[in-house]
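Data first, discussion second: the structure below is written as structure tokens.
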Amino acid sequence: MADEAQQDEKKRKSLEEREQMTELERIRHSCAHILATAILRLWPDAQFAYGPPVENGFYYDVELQHRISPEDFERIEEEMRKEVKANNKFEKITVTREQAIADAKSGRLGGLTERVGESVFKLDLLDQIPEDEAISYFQNGEFIDLCAGPHVMRTGNVKAFKLTHVASAYYKGDETRPQLQRIYGTAFKNKTQLEEFLKAKEEAKERDHRRVGRQQELFAIDDQVGQGLVLWMPKGATVRQALQDFISEELAKQGYDQVFTPHIGKLGLYRTSGHFPYYRESQFPPIIENEALEKMAAEGCSCSEIANRLNEGQIDGFLLKPMNCPMHIRIYAQRPRSYRELPVRLAEFGTVYRWEQSGELGGMTRVRGFTQDDAHLFVTPEQVGPEVMGCLDLVKTVLTTLGMNDYRVRVSLRDPASDKYVGDPANWDKAEAALRDAVQKLGVPYDEVEGEAAFYGPKIDFLVKDVIGREWQLGTVQVDYNLPERFDLHYIGSDNQSHRPVMIHRAPFGSMERFVGVLIEHFNGNFPLWLAPEQVRVMTLNADQELVAYGTAILNQLKAAGVRSSGDFSSNDIKGKVLHAEQEKVHTMLVIGGREMESGSVAIRLHGKGRQGVKPREEAVSELLEAIARRKL
RNA sequence: GCCAGCUUAGCUCAGGGGUAGAGCAGCUGUUUUGUAAACAGCUGGUCGUCGGUUCAAAUCCGACAGCUGGCUCCA
């Protein structure tokens, strides 16, 4: 939703493109005009900026002294209904640029009447309309807006709408420009569809990973520990461990070596890599040795002097690592490397820390400390293509195994106009070509976006939507010609000459935190057997001694086979036991009573799926083991 | 970081200037039971924190913290 809006703001759509608007988009865009009409009746001094349709509705950005709150929605909607009832025509009026400027100056655009002030944003928008493009208004009732359309015929065609929330937004997404109130709403062709949408939205809230994560005791974020710092509770840790085991197996198959590196490293390391002080704002502040601190304190050194000395390298310190690559690079550089051992593939579940702005933090998807399923491949230039391919295959394998097929692939390229990138443009061209080539071979749809590259190289990102429609970057594969340069890495080629390796950074999950957050929503907490925190619970019908002994034997057999299982052998009602197991989302329930004991069998029940019938005990156990081993969904 | 809203028991939530409420969870008993709630009793909260107004503040006001939705950012 935000994506579309941003694009709308960044790139002007051509008139032809605008004519492509679907009927639903027209309804929503028209509804934005109706919203503006209503707001003006209540607050005539409102100044409007953009009011586009977006993925699930529409918004209109407004500058207004009054702070609009959800409490105002009712009376705004009331005014909107009046406008709908009036069934005014959306009339297109083509005007000359001079006329438009005059109307904007008299406050008439985005207004019901001429007003004291100018239509400031409309005036600015007019400025951006190319000389050769026609300028048009759309008028419904008294409301006239600068608008290329298209619209529905009449306000009466907007039959079902609802204001949903207010947020703030900078004009044109630019921090230095005025902050506007963005009023979001949604609209549909009819009331039934609107209600279905609202209901679906309510249901989506139920599977929000923050909610499920708390209910199922998967993870916690505790303000005594710190914002954006995830506590993995036992059940969440189990899920994470199962995922890491899965990745580790795949790594072994693909010739990776796993390593461990520390959480902090000297500032100098990150000066070499270019992270410090360049990306200082997004890092936790450096750690200075006590001795150095005391010495500076004795000298009466000010805070800003300390900061300067750190930046300039006059004093040293340590940095909580914002990335793993420099450490992996130092592992590579421990001794001379031969072309024969390339590619060197170093993998680590490496925890990194980044200073995200407080307003950005949320759940597991945006945090300040997270563990990447990271790896760095040191390859010859010829190996770049096939190795990138291998990485993409790994990402695809991972997503397929989890049944996450609803992703988008983005090739993130540099923005030629920006200076935030390091390295030789010729190398960038090579890297971008290699990525484009690999993604084409992968055979999945993708799009290319300029300006999304990492500062050291272009990348391929896998994007997945969460339950409320926000899109998150998970897996990523990045080609990097720059860090090998900065760290002066070499290998000896078959020609006995020294050569520069190329690095590939890749993380199929991206980060364990974000990935598991999205995964919780994907499964709604109902993990497949191989991931379920509690895979099997054995429950007896009653607390009869013999029956409990039978249950214990089954439980011990499962535990010995490595199945995460527990037993509920109390004298409680079986209904209660089942209820608890269902609430805790235990994957498989084995219910045993006298009949099962007699025949050496178990009654199987699956979470959310109910009774599955009775099976001989051995058969049931071996089926469980097989499903776990196969990572069956 | 910015704008707005929210914060009452472990969870979900009601209440609201005059002795703090419910359901679930938890604890203690009882219940030997055929697949989404057996029964009884008990415990549990300085109403996010700090300050102000008031005879009296959980309730009104302010600051701060945290959370939520956006914006900006995201190596």
Side-chain angles (χ1 to χ4, degrees), chain A residues 1-2 5-6 9 59 61 67-71 164-184 205 208 210-211 214-215 217 220-224 226-228 270 273-276 278-283 322-323 325-326 352 354-363 366-368 420-422 452-457 459 468 470 472-473 476 478 480 482-483 505 514 539-545 547-548 569-583 589-596 603-608 610-612 614:
Chain A
M1 146 161 74
Q6 268 166 26
E9 288 175 18
Y59 66 75
D61 283 347
R67 306 321 274 185
I68 291 175
S69 88
E71 284 178 14
T164 53
H165 54 288
V166 239
S168 87
Y170 298 106
Y171 181 54
K172 291 184 177 172
D174 182 345
E175 243 181 318
T176 62
R177 296 189 197 247
Q179 195 159 35
L180 308 173
Q181 302 187 65
R182 175 168 294 177
I183 300 154
Y184 282 92
K205 267 191 208 165
D208 187 311
R210 288 165 294 201
R211 186 184 165 94
R214 190 187 314 110
Q215 274 170 354
E217 302 192 330
I221 293 168
D222 184 297
D223 57 25
Q224 292 194 37
Q227 283 185 289
Y270 293 98
S273 69
H275 292 110
F276 189 87
Y278 195 49
Y279 278 96
R280 202 183 45 201
E281 321 71 56
S282 37
Q283 293 159 179
M323 297 195 102
C325 21
V352 297
R354 298 181 188 177
W355 188 259
E356 305 289 355
Q357 296 184 91
S358 61
E360 259 308 332
L361 300 170
R366 192 76 187 264
V367 292
R368 281 183 173 159
K420 74 170 184 174
Y421 307 100
V422 296
E452 286 291 325
F455 80 100
Y456 53 73
K459 51 184 188 162
I468 46 178
R470 286 183 296 205
W472 297 100
Q473 178 192 314
T476 177
Q478 317 180 351
D480 178 4
N482 297 302
L483 285 178
H505 308 239
R514 179 175 290 180
M539 308 183 236
T540 54
L541 215 59
N542 56 49
D544 174 82
Q545 259 190 346
L547 190 57
V548 170
F569 304 146
S570 70
S571 65
N572 286 331
D573 191 336
I574 189 65
K575 285 188 179 182
K577 296 187 190 186
V578 167
L579 175 70
H580 283 128
E582 289 284 353
Q583 283 174 339
M589 288 155 264
L590 299 181
V591 178
I592 52 172
R595 295 204 293 265
E596 287 74 19
I604 300 167
R605 182 190 171 98
L606 296 181
H607 166 64
R611 295 162 83 150
Q612 306 289 308
V614 178

What protein N or O atoms touch nucleotides 3-7 of chain B N or O atoms at under 3.5 angstrom, if any, and at what distances?
unit_1, atom_1, unit_2, atom_2, d
B:C3, O4', A:Q179, OE1, 3.1
B:C3, O2', A:R67, NH2, 3.3

Residues which pass salt bridge (Lys or Arg N to Asp or Glu O under 4.0 Å) with A:R470, listed by chain and number, not counting sequence neighbours |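 A:R470 satisfies salt bridge (Lys or Arg N to Asp or Glu O under 4.0 Å) with A:D466 only.
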Partners meeting salt bridge (Lys or Arg N to Asp or Glu O under 4.0 Å) with A:R605 (sequence neighbours left out) |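 In terms of salt bridge (Lys or Arg N to Asp or Glu O under 4.0 Å), with neighbours along the sequence ignored, A:R605 is linked to A:E582.
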Could you check how far [atom1] of [X] sits from [atom2] of [N], rounded to whole Å?
| X | N | atom1 | atom2 | value |
| --- | --- | --- | --- | --- |
| A:R280 | B:C73 | CZ | C1' | 16 Å |
| A:D174 | B:C73 | CG | C1' | 13 Å |
| A:Y59 | B:G69 | OH | C1' | 15 Å |
| A:Y456 | B:C74 | OH | P | 14 Å |
| A:K172 | B:C71 | NZ | C1' | 16 Å |
| A:L547 | B:G34 | CG | P | 12 Å |
| A:L361 | B:C2 | CG | C1' | 14 Å |
| A:Y184 | B:G69 | OH | P | 12 Å |

Which part of the nucleic acid, if any, lies within contact of [X], taking any heavy atom under 4.0 Å across all strands shown: a base, the sugar-phosphate backbone alone, or nothing?
| X | value |
| --- | --- |
| A:R210 | sugar-phosphate |
| A:G594 | base |
| A:Q473 | nothing |
| A:A543 | base |
| A:R470 | sugar-phosphate |
| A:R595 | base |

Could you tell me whether the side chain of A:M323 reaches within less than 4.5 Å of the side chain of A:Y456, counting heavy atoms only?
->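 In short, these two side chains touch, coming nearer than 4.5 Å.
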State whether the aromatic ring of A:Y279 stacks on the base of B:A75, taking stacking to mean ring centres under 5.5 Å apart and ring planes under 30° to each other.
->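 Taking the rule of under 5.5 Å and under 30°, the ring of A:Y279 does stack on B:A75.
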Partners meeting side-chain hydrogen bond (donor to acceptor under 3.5 Å, both in side chains) with A:E596 (sequence neighbours left out) |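 With sequence neighbours excluded, A:E596 shows a side-chain hydrogen bond (donor to acceptor under 3.5 Å, both in side chains) to no residue whatsoever.
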State the CD1-CZ distance between A:I604 and A:R611, to the nearest 0.5 angstrom.
->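 Here the rounded value is 12.0 Å.
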OH of A:Y184 to OG1 of A:T164: how many Å apart, nearest 0.5 Å?
->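 It comes to 8.5 Å.
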Under a 3.5 Å cut-off for both distances, is [N] Watson-Crick or wobble paired, and to whom?
| N | value |
| --- | --- |
| B:A20 | none |
| B:A37 | none |
| B:C60 | B:G52 |
| B:U68 | B:A4 |

Separation of the [atom1] atoms in [N] and [M], to the nearest angstrom:
| N | M | atom1 | value |
| --- | --- | --- | --- |
| B:G29 | B:G69 | P | 44 Å |
| B:A40 | B:U31 | P | 15 Å |
| B:A63 | B:C2 | P | 13 Å |
| B:A57 | B:G51 | C1' | 13 Å |
| B:U49 | B:G45 | C1' | 15 Å |
| B:G34 | B:G48 | C1' | 48 Å |
| B:A14 | B:G70 | P | 22 Å |
| B:A9 | B:G21 | P | 14 Å |

Kindly indicate whether the side chain of A:Y170 and the base of B:G1 share any N or O donor-acceptor pair separated by less than 3.5 Å?
->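 Check passes, donor-acceptor contact within cut-off.
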Tell whether A:R366 reaches the base of B:C74 with its side chain through a donor-acceptor pair below 3.5 angstrom.
->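 Pair found.
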Any chance the rings of A:H275 and A:F455 have centres within less than 6.0 Å?
->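 So the answer is yes for these two rings.
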Nearest to the side chain of [X], which nucleotide is it out of [options]?
| X | options | answer |
| --- | --- | --- |
| A:Q357 | B:G69, B:A75, B:C73 | B:C73 |
| A:N542 | B:A75, B:U32, B:C71 | B:U32 |
| A:E356 | B:C74, B:C11, B:A75 | B:C74 |

Pair A:D208 + A:R210, salt bridge at N-O below 4.0 Å |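 Looking at A:D208 and A:R210, the cut-off is met.
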Quick check: does any side chain N or O of A:K205 sit under 3.5 Å from a backbone N or O of A:R211, one acting as donor and the other as acceptor?
->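 Side chain of A:K205 to backbone of A:R211, a donor-acceptor pair under 3.5 Å: no, none is there.
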Can you check whether A:R366's main-chain N or O pairs, donor with acceptor, with A:E356's side chain at less than 3.5 Å?
->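 Not a single qualifying donor-acceptor pair exists.
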Sequence-aligned protein contact record of nucleotides 35-42 of chain B, with B where the base is within under 4.0 Å of a protein heavy atom and S where only the sugar-phosphate is | BBBB----
Verify the neighbour count for atom CD of A:Q545: are there more than 12 heavy atoms of other residues, nucleotides or ligands below 6.0 Å?
->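 Incorrect, the count does not exceed 12.
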First encountered from the 5' end of RNA chain B, between A:D208 and A:G593 =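 Its nearest nucleotide being more 5', the pick is A:G593.
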So which one's nearest nucleotide on RNA chain B is more toward 5', A:Q227 or A:S282?
->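 The residue closer to the strand's 5' end, by nearest nucleotide, is A:Q227.
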With sequence neighbours left out, write down each residue that passes side-chain contact (heavy atoms from CB on, under 4.5 Å) with A:L579, or none if nothing qualifies.
->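 Counting only residues at least two positions away or on another chain, A:L579 forms a side-chain contact (heavy atoms from CB on, under 4.5 Å) with A:Q583.
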